[in-house]
Amino acid sequence: MASVDKVTPMPPGRVRLGSIMPLSSVAARRLILFFALVAAWEFTAEFLVNEFWSSRPSEIVMRLFSMLVDGTLWRHTSITVLEAFAGLLLGAVVGTPLGIWLANAPKASETADPFIMGLYGLPRVALAPLFILWFGIGLLSKIMMSFTMVVFVFLLNSREGVRTVDPDLVDLMRSMRAKSLYRARKVLIPAIVPWILASFRLGIGLSLIGAVVGELVGSSRGLGWYIQNAGGMLDTTGVFTGLVVLMVIAMLANQMIALVEARVLRWR
Amino acid sequence: MASVDKVTPMPPGRVRLGSIMPLSSVAARRLILFFALVAAWEFTAEFLVNEFWSSRPSEIVMRLFSMLVDGTLWRHTSITVLEAFAGLLLGAVVGTPLGIWLANAPKASETADPFIMGLYGLPRVALAPLFILWFGIGLLSKIMMSFTMVVFVFLLNSREGVRTVDPDLVDLMRSMRAKSLYRARKVLIPAIVPWILASFRLGIGLSLIGAVVGELVGSSRGLGWYIQNAGGMLDTTGVFTGLVVLMVIAMLANQMIALVEARVLRWR
Amino acid sequence: MEMSKVNADNRAVIEDLSISFPRPGDEDLLVVEAVSFTVGVGEFVAVVGPSGCGKSTILRVLSGLLSANGGTVLIDGQEVSQTPDHVGFMFQKDALLPWATIDENITIGAELGGVPLEDRPALVASLIDMLGLAGFEKAYPKNLSGGMRQRVSLGRLLAYQPTLMLMDEPFGALDYQTKIRMGRELLRIWEAERRSIIFVTHDIEEAIRLADRIVVFSARPARVAAEYIVNLSRPRNLSEMRGNAEFNRLTHAIWSDLSMPT
Amino acid sequence: MEMSKVNADNRAVIEDLSISFPRPGDEDLLVVEAVSFTVGVGEFVAVVGPSGCGKSTILRVLSGLLSANGGTVLIDGQEVSQTPDHVGFMFQKDALLPWATIDENITIGAELGGVPLEDRPALVASLIDMLGLAGFEKAYPKNLSGGMRQRVSLGRLLAYQPTLMLMDEPFGALDYQTKIRMGRELLRIWEAERRSIIFVTHDIEEAIRLADRIVVFSARPARVAAEYIVNLSRPRNLSEMRGNAEFNRLTHAIWSDLSMPT
Amino acid sequence: QTVLQLGAAQTSAGSLPIVVAQQQGLFEEVGLVIERTDFRGGGPAIQALAGGSIEVCICAGDHALRLEEQGLGGKVIVALGDHHLYALMALSGSDAADLESLKGSKIGVTSAGGLADNTLRWAIKQAGLDPEADFEIIAIGRGGAMRAAVENGAIDAGTFTTPDIQANQALGDVYKIVYDFRSLPYAAQGLVALDSWLTANPDKARAVAGATYKALIMIQEDQSVLESAVKEMFPTFDDALVKQVASDVRADFLSDDGIVDPQAFTNMVETVSIPDSATRAVPYEAVMISDYLPAPVN
Ligand SMILES: Nc1ncnc2c1ncn2[C@@H]1O[C@H](COP(=O)(O)OP(=O)(O)OP(=O)(O)O)[C@@H](O)[C@H]1O
Ligand SMILES: Nc1ncnc2c1ncn2[C@@H]1O[C@H](COP(=O)(O)OP(=O)(O)OP(=O)(O)O)[C@@H](O)[C@H]1O
Ligand SMILES: [Mg+2]
Ligand SMILES: [Mg+2]
């Protein structure tokens with residue numbers, strides 16, 4: 001039986017972390033997909049559907065360029081990003097501890113649960129008058145709008161996350177009389193990191209939606225304002241330019257989460 | 001050393017399932033909280049804030065009663081519930097398998113990820129023209145609106161859920177040459193049930209918001225229509241009546257999920 | 001309370017303990033029935049008994065993780081109502097934190113055991129060395145073999161420095177040589193610091209080699225089937241012991257206790 | 001390929017196997033180095049070796065869960081590129097599905113092993129009985145003791161009815177009596193159905209009691225330190241064996257193999 | 001009986017003639033059954049029109065103009081309101097008296113790029129001021145939201161539409177009108193349809209236009225028919241408010257002949273081209289047609 005030195009190709013037990021090479025191939029595949037989508041869009045606008053409905057990429061690029069030059073792009077984008085980011089952060093900071101607390105206080109959780117869920121289902125647009133009354137029409141009201149969209153995601157996901165924590169690890173901590181803060185640091189938080197990351201991914205989109213909805217009810221700038229303004233004038237290119245910018249923001253934010261994830265979940 | 005027969009009260013290792021008694025005490029605590037909130041609201045409207053802004057529970061109850069009698073309550077509620085429910089179900093049915101598939105196809109997942117996330121961040125209100133174009137202004141467009149709100153929740157949560165599956169169980173299945181369908185049935189699905197349930201909880205609120213937003217864009221009935229209509233007439237009681245009905249729907253739906261959870265997660 | 005004064009030398013007193021688990025749609029499962037035994041200060045007590053008889057369950061009650069249905073459990077004269085101080089529990093499962101490296105997993109024991117900050121690195125390093133895990137300080141649990149994980153779990157217990165150590169089959173996943181080396185180290189620490197140990201094992205020779213006293217449980221529900229004082233001088237050497245009459249008598253007695261039909 | 005024809009009686013052939021794991025920021029960890037051994041059809045091979053030497057890793061390669069870095073692994077003459085048919089693997093961890101009852105966990109083996117639908121209930125029931133788990137059919141894994149879980153895992157393997165069984169410390173969490181009963185049952189099944197078994201254990205007596213041949217590994221990186229044919233007639237009885245010269249010779253030889261410094 | 005899909009913004013006063021026509025059975029007379037869908041403002045309604053989900057919409061003249069510009073061919077077949085229907089209101093206690101005195105302050109409009117927004121900008125320019133530099137124009141929303149913004153001081157004045165104006169006035173001495181656009185001739189609202197639909201359904205177009213026209217005439221003859229329509233649309237209003245709204249709408253807003261005044265058209269074109277200088281000059285005849293109205297009675 002001759003010895004064979006070549007590695008037998010067998011399916012690896014765990015997926016290995018991508019090296020530089022696969023990463024750049026991901027980028028390449030994304031670019032291909034991107035251009036395919038853009039081409040399909042342009043084609044549709046050219047031959048299939050009146051561009052009144054969906055504008056077309058070439059016009060959007062031109063609009064983006066002119067907005068970049070005259071500064072309106074930055075003017076609208078910066079404020080929306082600020083609102084969404086603040087709302088997202090606030091949602092995480094408030095929702096996660098609340099979720100953890102509720103998971104550990106089953107009585108309070110059970111009691112409050114229907115009310116929390118009831119609030120969550122309210123359409124924020126309908127609450128606009130109250131938001132204006134409570135938070136004015138400045139930055140705060142948009143941040144709160146964004147916050148109220150995302151806080152529930154963090155709350156529910158982290159509560160569910162705590163419930164999936166390996167009970168043996170909790171017992172271990174109890175058997176060593178670990179204080180609850182220590183327990184949270186060593187067991188709870190690491191265990192719910194996947195849930196928190198999932199919340200961030202879900203929260204990005206929702207916080208942007210919240211910010212935009214907030215801008216619909218009291219603003220003079222921001223991407224939501226810009227889109228509404230364009231919509232009011234049946235300026236489809238304007239609407240889609242705003243939407244494209246929102247998409248790009250969501251994509252970038254999501255990539256940042258992916259980077260954090262790769263660092264934080266190395267143990268997995 | 002005398003033997004002591006009494007049970008020493010010590011913290012139990014796991015929380016026991018509630019018997020009849022604790023359950024009804026939950027209901028009692030909820031009722032107390034409910035009446036406290038209602039009383040606070042009534043009090044605020046009576047003494048602190050002009051009721052134009054927040055109406056008051058007593059008037060809402062009267063409105064509800066009259067709507068119940070003349071059939072408008074059912075008329076608006078039934079359609080909104082139908083839209084939201086259909087959207088939620090569709091979101092679950094489409095999003096969960098997609099999430100599972102993406103978790104198992106890391107290349108496709110990595111490639112598509114930014115685009116999915118980009119789409120997710122789009123404010124649905126701004127997409128109204130396209131929804132009208134593609135889905136008309138009937139039931140379908142509201143269902144799709146609701147669907148596009150929730151599908152991402154199912155997709156992202158179930159994808160993340162698959163990633164947290166115990167790799168030993170996956171190896172076990174591989175070591176017995178289980179087909180992928182069998183693997184999904186025995187390991188994947190049960191393992192991501194907590195994630196799917198969390199998605200349902202998150203999805204309830206979002207699907208209602210989606211349905212309402214869909215109705216705001218164009219409709220002739222539904223709670224969203226009712227709220228918008230009331231808002232247009234400065235009929236605050238009408239607005240809040242609509243909101244209260246939405247809250248109740250979200251609460252009931254959430255209770256249903258809780259019941260399912262108690263059944264499905266018995267093993268935990 | 002007075003009881004503990006009478007037996008001032010007892011670290012743990014278990015008196016008439018009974019434990020049962022509720023079963024849905026069935027009567028409760030009686031796991032432990034009227035079990036009484038004591039562990040003196042500085043005593044090494046081994047526990048043997050059939051699989052599933054209730055050994056782990058008793059340890060869980062001793063550590064305050066589970067409430068008993070009847071009986072008294074005193075540790076240092078105090079009724080156990082939550083985890084008592086200075087009691088360490090090495091679980092049957094390794095229960096390592098998957099997100100912490102080996103270093104960090106052991107450090108947790110040191111932190112919670114109140115080891116001063118500056119002493120921790122040295123303590124952890126010496127434990128890792130003793131456990132034969134050098135080179136794996138920065139590895140995560142998933143990259144270790146089963147026996148290595150068990151040793152990490154042992155290291156965490158030792159770093160916690162409890163005066164009463166509850167050890168649930170601590171060497172079950174180790175080969176003979178490692179088992180013997182670990183046993184020796186455990187005895188060294190035990191003797192040096194006059195700790196008390198309850199040591200669950202399925203290895204009768206190991207129980208005799210290590211313990212002052214051996215408690216034998218019956219099959220479920222666990223009752224104390226027998227208790228033996230191990231009258232063998234220390235240090236005990238396995239190959240010498242094998243010829244020893246007392247060793248053989250004990251082995252045989254425990255064997256037949258365990259083979260009793262229930 | 002031709003090789004397998006030469007040794008038509010070999011169920012598994014491992015030739016010059018080497019395995020290493022990548023370590024971030026360090027050179028690869030060489031775990032298995034130039035290991036060769038075979039398992040004949042109907043042969044019972046026990047594997048012993050120090051904790052962390054690479055035993056479980058070799059089993060993972062044999063079952064196609066892990067790819068080797070060099071060497072050849074043939075099962076029934078076929079190179080292993082994915083899990084081969086009729087090869088069952090009982091993990092060191094019990095790996096029970098937490099959401100499935102004991103019944104269901106064992107049934108999974110029967111289902112995947114292709115047991116006809118109508119035969120499954122009877123098969124599972126008889127296995128549960130044999131494993132001493134009667135009364136726990138509807139219990140969930142979290143409600144079992146460590147040893148009971150291990151037996152469920154064994155039951156799942158047996159229900160899968162593989163012709164080559166890879167068993168990673170299958171009796172590690174069992175008491176002596178249960179261990180011996182389980183070993184007897186395993187031998188019964190093995191003899192009746194001419195299965196092949198690779199049996200990793202730390203219990204040298206157990207290896208001798210059960211196996212036809214014993215492969216001893218060195219400490220990491222695992223190399224074959226020695227191989228022994230167990231020339232003892234079956235059925236073997238432990239108390240009789242203890243006086244047997246061959247038994248003592250083997251025990252001693254393996255002991256000293258394992259005690260070698262590395 | 002043929003079904004007509006009609007779209008409208010929910011609470012717009014432009015819908016009143018349609019409600020009257022319905023209450024008085026005018027649609028039945030011409031064999032039409034109206035199926036009505038409400039939209040969140042004119043934008044979605046016009047999109048639904050262009051997409052074929054609805055056949056006719058009650059929309060602002062601006063939208064017909066823009067449809068025409070986009071090459072989709074939009075026409076106003078009946079003018080419903082030929083005057084503006086917004087007023088800029090502030091709290092009675094404020095210093096604001098006119099646009100000039102509001103210089104440097106925040107003004108709320110219903111929606112960005114909407115009718116109120118455009119008109120306010122137009123009016124500001126008329127007053128010789130710069131809408132960008134001298135004011136901050138903030139999109140707020142309708143009714144309740146606007147009131148919230150005014151009453152908590154977030155904005156100094158806001159545009160209200162009929163009947164929010166009357167409702168505000170009914171509060172007593174809380175609000176005052178700073179600038180009333182309602183006297184301004186403007187092609188505010190009409191029945192809008194697409195060329196393609198008109199070509200395909202001339203009879204239907206004639207029927208709906210005729211019934212609506214008849215309603216407009218009835219309203220001018222007898223205010224009480226309008227009152228009962230107001231009552232149906234705004235059931236929470238008390239009788240005094242209903243009367244007030246009806247008389248204001250009849251006097252200042254509703255068209256009395258279904259035809260857009262050329263001045264109203266010119267004002268509209270001027271307003272629309274303020275934010276959107278790209279707007280081409282579209283002639284009156286290209287958008288405003290009376291072909292489907294009944295032959296002039298007199
Ligand atoms: N959380 C639980 N809920 C219900 N039953 C339990 C629970 N934990 C243990 N049991 C039952 O209690 C009995 C004793 O379990 P225990 O873990 O104490 O056994 P053990 O003596 O440690 O056995 P082993 O040697 O196999 O580890 C078993 O029959 C088991 O099924
Ligand atoms: N997935 C992995 N990644 C990296 N290293 C691993 C991995 N699995 C095992 N190892 C390393 O390989 C070596 C051998 O592990 P293996 O589990 O095969 O040991 P073993 O012989 O089964 O030991 P034990 O008797 O303790 O179970 C160990 O040093 C371990 O750290
Ligand atoms: Mg145990
Ligand atoms: Mg191993």
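Side chains included, hydrogens not; waters and symmetry mates left out as well; all remaining heavy atoms used. Keep in mind it's a predicted model, so treat the numbers as computed, not measured. Quick note on labels: first sequence line is chain A, next is B, and so on, each numbered from 1.
When heavy atoms are compared at a cutoff of 4.5 Å, C/Phe21 does not approach chain D at all. Heavy atoms closer than 4.5 Å to chain D are found nowhere in C/Lys138, neither backbone nor side chain. With a 4.5 Å cut-off on non-hydrogen atoms, C/Ile254 does not touch chain D at all. Contacts between C/Leu29 and chain D at a heavy-atom distance below 4.5 Å involve the side chain alone, from C-beta outward.
In this structure, C/Val35 and C/Ile14 approach most closely via the heavy-atom pair O-CG2, 3.5 Å. Across D/Cys53 and D/Ser218, no two heavy atoms sit closer than the pair CB-O, 3.3 Å.
Checking C/Ser18 against C/Glu33 by side-chain atom types alone, no donor-acceptor pair falls below 3.5 Å.
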(request) Give the intermediate values and the outcome of side chain to side chain contact (heavy atoms under 4.5 Å, CB included) for residues D/Glu104 and D/Thr101. (result) CA-CA 5 Å; D/Glu104 291 164 354; D/Thr101 61; 3.3 Å; yes
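Contact tally against chain C (heavy-atom pairs below 4.5 Å) for D/Arg23, D/Lys55, D/Met148, D/Gln150: the top residue is D/Met148. Most heavy-atom pairs under 4.5 Å with chain C: of the set D/Gly54, D/Ser145, D/Ser56, this distinction falls to D/Ser145. Listed options D/Gly49, D/Ala139, D/Gly172, D/Gly146 were ranked by heavy-atom pairs under 4.5 angstrom with chain C; first place goes to D/Gly146.
Across D/Arg156, D/Arg149, D/Lys142, D/Arg151, a single residue satisfies salt bridge (Lys or Arg N to Asp or Glu O under 4.0 Å) together with D/Asp94, and that is D/Arg149.
Between D/Phe199 and D/Phe171, the ring planes are perpendicular. Angles over 60° get that label, and only those under 30° would be called parallel.
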